[in-house]
Amino acid sequence: MLKINDINVYYGNIHALKGVSLDINEGEIVTLIGANGAGKSTLLKTISGLLKPKNGDILFQGQPISGKLAQTIVKQGLSHVPEGRRVFSNMSVEENLELGAYLRKDKQGIREDFEKVYQLFPRLYERRKQLSGTLSGGEQQMLAMGRALMARPKLLLLDEPSMGLAPLLVKIIFKIIEEINQSGTTILLVEQNANMALSIAHRAYVIETGNIVLSGSSEELNQSEQIKIAYLGGH
Amino acid sequence: MEIIQQLVNGVSLGSIYALIALGYTMVYGIVKLINFAHGDVFMVGAFIGFYSITVFDLGFFPALLISMTACAVLGVLIERIAYKPLRNATRIAALITAIGVSLFIEYGTIFVRGAQPEAYPGNIIPAKSIEILGVKISTQSLLILGTSLFLMVLLQFIVHKTKIGKAMRAVSHDMDAARLMGINVNNTISATFAIGSALAGAAGVIFGVYYTKIEPLMGIIPGLKAFVAAVLGGIGIIPGAMAGGLLLGVIESLVSAAGFSLWRDGVAFVVLILILIFRPAGLFGKNIREKV
Amino acid sequence: MAVNIFKNARGFWTSIVLAVIFGVIMQFLITGGTLNAFYVNTLFFIGINIILAVSLHLIIGITGQFSIGHAGFLAVGAYASAIITMKLQLPFWLGIMTGGVAAAIAGLIIGIPTLRLKGDYLAIATLGFGEIVRIVFLNMDYVGGASGMTVSHLTTWPWLFGCVLLTILVIVNFTNSTYGRACISIRENEIAADAMGINTTYYKVTAFVIGSFFAGIAGALYAHNFYIIQPTNFGFLKSFDILIFVVLGGLGSMSGAMIAAIFLTIISTFLQSYPEVRMVIYSLVLIIMMIYRPQGLLGTREITSFLKAGKSAKGGVNSDSKNTVA
Amino acid sequence: MTAKTQLLKVSDTGIRFGGLKAVAGVNLELKKGELVGLIGPNGAGKTTFFNLLTGVYVPTEGTIELDGEKLNGLQPYKITKKGISRTFQNIRLFDELSVLDNVKVAYHSLVNHSMLSSIFRLPSHFSGEREMEEKAIEFLKIFNLDQYMHEKAKNLPYGQKRRLEIARALAAKPKLLLLDEPAAGMNPQETEELMNLIALIRNKFELSILLIEHDMLLVMGVCERIYVLDHGQLIAEGNPEQIRNNPKVIEAYLGEEVS
Amino acid sequence: GCSSESTGGGGDSKTIKIGANLELSGGVASYGQSIEEGIQLALDEINKKGIDGKKIELVKVDNKSEAAEATNGTIKLISQDKVAAVIGAATSTNTLAQVQIAQDNKVPLITPTGTNPTITMKDGKLNDYIFRTCFIDPFQGTVAANFASKDLNVKNAAVLIDSSSDYAKGLAAAFKESFESNGGKIVSEEAYVAKDTDFNAILTNIKSANPEFIFLPGYYEEVGLIIKQARALGITVPFMGGDGWDSPKLIEIAGADSLNNTFITNHYSSGDSDAKVQDFVKAFSEKYKGKAPDAFNALGYDTVYFLADAIDRAGSADPQEIQKALGETEGLSLVSGQLKLDENHDPVKSAVILEYKGGKQEFNTKVNP
Ligand SMILES: Nc1ncnc2c1ncn2[C@@H]1O[C@H](COP(=O)(O)OP(=O)(O)OP(=O)(O)O)[C@@H](O)[C@H]1O
Ligand SMILES: Nc1ncnc2c1ncn2[C@@H]1O[C@H](COP(=O)(O)OP(=O)(O)OP(=O)(O)O)[C@@H](O)[C@H]1O
Ligand SMILES: [Mg+2]
Ligand SMILES: [Mg+2]
């Protein structure tokens, strides 16, 4: 579904991604784990068109998308839930969801998706008129995910959905991620919380200072000593 | 009776400020840029209307439309050429560019046609005064007030209810997140400038018809006043700009009426500062403290 | 350089001696007639603009307070000093002092209530203050109202140079001290500065008052150089001119502000002979400069950090401090 | 650890924003040298509580006392001088200042040389600045940040930024240190390092620490006592073991099984 | 560009350099530009023949309508360009900013339109290098007051002043004095500043004072708006002003109907049948695409002839010789009337009173000083 070939990304003269390659198959949850500043968010931003790679290509469903504008990529069925939620805090929950469906014209379909999102996140239905800036962190995370789903993505990129959330909410969010996946959406999940991420993902990549250093099935990585020490904590 | 006449005077002056302030505050609210060139687009609008009427013998409405269209294009050009490259720069840098653009339009116009004023022909819209209980109200100022109110409602509707309006607000809040929704940020900002500048153009023509005299530097003071009105009402808040404009007009008229016409602008600024001290985000603005 | 050497006592005194030598040489060039009246006058204009630029730099570049009414302080200084010398027939030095002190008091009065405003709201409040000052003078018959006040030409090179030097010294020294650091911390993050025990209001007002003081000094020199002062000289467009020096030079870079003041004064003087295109070219210069260098000529760096290539410096205070405090 | 003297006493304190009671009727005490955790769901009011302690917000009810002195209504910088300093949930460094200068700023309120002595470069300026610099460097060494001394703060890697924020807060010589989610965005390994650092600070500087954190490993690992906030109100208080098994806390915050 | 080091008198042997320091940009750019148009026309005409075979070369500087820039500009003209004389600024203030420099350097300075008395006289002492082409304010004000009391027979008058202009203030002061000494009463005094556009508030005040006559000594840009707005508010009494009104634009701005029953004092009337005036109006509208000249144009034009005449008589481009010749000017026939200087270097000229009727100026009376 997504194929990344040897991309390099720079911020000015900072070389943030150094020849990264990665594959995602349809229906999978793939997780990308790595330390702070390893380049995880950079990779997601590059995929969704917020950043341009200097070279290399990105194929989404066989179509090249590297260097295209974000709006074109969204239209092809790829949604990105950015780090730190980034909800439009001066707008209501409902308006945020409407903006999620910004590019769509099928009124009927949009209405159905509203239903679906509200089913997935009943909390959002209760709060649909509330300004999203006043939601709690967890609720905002739900909104950010719901908003991305409104675009009916085939591939969903999630950047640290558990960051700053209370343990209970982390569990809920991860459960929902699995649900979304089961209803047919492919997911690329970036996480610091490697334990949790590996527990729901099919496959995983490990990124360190802009390089992919390891990849494999979740089970394999869970067993790896190297991973245990670096990312799962010594306990 | 005289005080009522003065209030009427104030409201009609204020509705001109409001008319300019609407476009100002909209661009300001969405792009977060103090577009100092707004007053100059207003001036260009006035001249385009003037030439449409005198050289091409057009009526008021065609002239208005031409001027609005041309100003919309001008606004978009200004944005694309001068502001877009600075989108990631500091706001104060963008402000300097805006000052540069403002000077450029003013002196470009003078370079092209000289500094002398022009006068709108007097018969474009019949100017009548109606008298109610000894208070004279000119039909033109009623027209201006009506236009401002109508545009306020229209703008409010566009920004809050339409898709493009929602896109504008999204862009204003978080450009990258807006991109991720599939919003074309550049086009949305262009649309904002187009609407704001078209309003400035309309204000220019209406100003020309009402006050007759137009000249290349005519945009400076109304531009400044509109900026004050926009801040007074709360930056980016459309009904706030309307209220700010009217309030400013009424203050000025009352100060003049009290015999202090030379202190007029001074008093207006004193009131502005006082209001800001007590309401640091303007009359309609919510003083949202930065969340720590 | 200007910034770095003051970090130790010896560098500080050397630079003062060097500056004084420069001043004396210039004096000889002027009295000897090597520089004709036109160049001398341009030089004076540059000097006054440098004081204005550096004083506003302290407020905007260092403390981060978006003030766009600086011409108001210039006006207060100009009128106060002119009253001293012209109306009261007192000596010029007293006029300069009074100009500075009057502007500083004005800064205190406007600073205390408005400096709690943020961003654009502060900007419009200070702009409004500048206009209020102008309108007050416009309505004061004592100083000639709209037609202004004629002022004797008393600004001479020693006064001008002395004031420029004093301004630079005080502001550099202030910036490079714990007090300047306090101001920068406010610019960088007011909430955190507050949480670190910095009395943010106090330092904002202090920087504002110091900046106003020097703008007032510039006003005194201005009034006594151009024969006449009138309220229209001090409108908001004048404030913008000063703001442009600071931003074009690079916010937070004092040498940048100075270079911009010199550069723009020269451009503007040169363009005087091309009246038709003067402002068109000037505005194009502004726009193009900002588009290609939105961070200003020097960014936040000082000229010294370019001389010692490669090292990064920060707003006003030099981080390139291998030579730690002596 | 029992007979220690009381440092912080918060009685019935709260604040409302419009209709919302963000914090209400909180009673909390802290003794000298204690390391206490504050947990609770998102939006429970934890950060707001810190803001009340540090004077960013003024409580609409109740009193806050430090060492027997009432803090209500004092401006933040005064409270810092009285002995409370903090870090922020979203890092707030002085980005353009060097790492060294970031720490020096916190020393500012402890200097003796006057503004005039700095402006005129009197000897007291030089000795004062030198003293500050020496102390600041000492501090950076403790945090292993001295190699970055001349780097701009904004150029530090994320983890180091968090450390610098703590170092800066400590430089203000607090009696009580407030840490707001210091481990946010860190992976388990970095978190563990941080845990050790926090313990070290507490012992070395003999201060009290109040810590907000969602990472239960960290909270349960280092805190002696824990308060739990939900919807602005305290719902539980106790040692880690008690909290872990408190049904209210499980329902509101931890979820079924604790990881 | 910079000229060579030729001493005094400027220019090479073929040309005489004169400077113009005008408001070509900034707040009152329209005044400076109008004067410049007049100057250019006059130069074109004079340079066809030249003065003693020499051509006049004009060096322009823009003072941005700012006093400081005006000072700079004149310093440049004198020390860099070494001009023989300077045509000074349009407004009194910007002219005052140049006076001292001209005096110190002994280069004559002529302001076309700077009417403030202190330009030529300071503390009772004559600024001997300074001249002007326009008459000073008191005369026009007095003429207007006499016209109001005697010809129009009014007893109550209101005065509405452009307080940013010394010119308007000077006229107003003279008017008040004469009008009151004629037994009239000033019932209302209001003020505005240049570039204002809305005068309804002050006009409402004036209206409630019920004057029979309103003296309005401003410039046409505001005057036009004031009269238009006054008529809309139902103020029907006569208005009267000075030469500052004189521009075809006034009629366009105010509208022909509003201008009925208004009067001005002026240097000349473009409807004057005098051949000099008619030739000027014709030449001007030929050069400037059909534009009709206003008072600024005429005074700019006259200033050049005033200066050229002096250069001719001096027979030299030496500034001090020119100064002497300027001071001795007598009976010079200009578009704005016969020019003779009094001992204060102020022109003594006749004035005309014109009335607007149906959008046209009609000659009413001529008043000699
Ligand atoms: N806008 C930017 N400008 C310059 N450098 C940047 C920018 N954004 C990120 N970087 C740098 O790029 C590298 C990768 O950053 P990125 O945000 O992708 O990391 P990450 O793996 O997502 O980390 P985190 O866990 O903190 O989110 C880091 O060294 C970072 O400092
Ligand atoms: N300045 C403010 N104005 C209005 N509401 C506010 C303000 N500050 C905080 N709140 C609200 O108070 C509540 C408590 O917020 P707070 O930031 O203290 O939560 P928290 O416990 O720190 O949550 P998290 O774990 O997500 O950081 C929230 O509902 C928040 O929206
Ligand atoms: Mg990231
Ligand atoms: Mg929090």
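In what follows, chains are A, B, ... by sequence order, proteins preceding strands, each numbered from 1.
- No hydrogens or angles considered: nothing links the side chains of C:Gln272 and E:Asn72 as a donor-acceptor pair under 3.5 Å.
- The shortest non-hydrogen separation linking E:Asp62 to C:Arg278 is O-NH1, 2.8 Å.
- Using a 4.5 Å cut-off between heavy atoms, C:Phe44 makes no contact with chain E at all.
- At a heavy-atom cut-off of under 4.5 Å, chain E is reached by C:Ser268 from residues 258-268 of chain C, listed in order of number.
- Across E:Ala70, E:Gly73, E:Ser163, E:Ser79, the residue that shares the most heavy-atom pairs under 4.5 angstrom with chain C is E:Ser79.
- The local environment of CD in C:Gln27 is crowded, with over 12 non-hydrogen atoms from other residues, nucleotides or ligands closer than 6.0 Å.
- Proximity to chain C (any heavy atom under 4.5 Å) is restricted, for E:Ser25, to the side chain, taken from C-beta onward.
- Counting heavy atoms from C-beta outward, C:Phe45 and E:Glu69 have side chains that approach closer than 4.5 Å.
- Among E:Ile78, E:Val193, E:Leu96, E:Ile75, the residue making the largest number of heavy-atom pairs under 4.5 Å with chain C is E:Ile75.
- Panel note: side chain C:Ser273, backbone E:Val61; no donor-acceptor pair is recorded below 3.5 Å.
- Per-residue counts of heavy-atom pairs under 4.5 Å with chain C were compared for E:Ala97, E:Ala67, E:Ala68, E:Ala191; the largest is that of E:Ala68.
- Atoms OG1 and CD, on C:Thr150 and E:Gln100 in that order, are 9.5 Å from each other to the nearest 0.5 Å.
- Closest heavy-atom contact between C:Met279 and E:Lys64: SD-CE, 4.0 Å.
- Between C:Glu276 and E:Gln33, the closest side-chain pair of non-hydrogen atoms is not below 4.5 Å.
- Summarising the local packing, NZ of E:Lys287 is surrounded by more than 12 heavy atoms from other residues, nucleotides or ligands at distances under 6.0 Å.
- Interface residues of residues 127-143 of chain C toward chain E, defined by a heavy-atom distance below 4.5 Å and sorted by number: C:Leu138.
- Within residues 222-239 of chain C, the residues having any heavy atom under 4.5 Å from a heavy atom of chain E are, by residue number, C:Tyr222, C:Asn225, C:Phe226, C:Tyr227, C:Ile228, C:Gln230, C:Asn233.
- For the set E:Val59, E:Asn63, E:Val99, E:Ile101, the count of heavy-atom pairs under 4.5 angstrom toward chain C peaks at E:Ile101.
- The CD atom of E:Gln80 lies 11.0 Å from the OG1 atom of C:Thr269; values are rounded to the nearest 0.5 Å.
- Listed in order of number, the residues of residues 72-83 of chain C that approach chain E to under 4.5 Å between heavy atoms amount to none.
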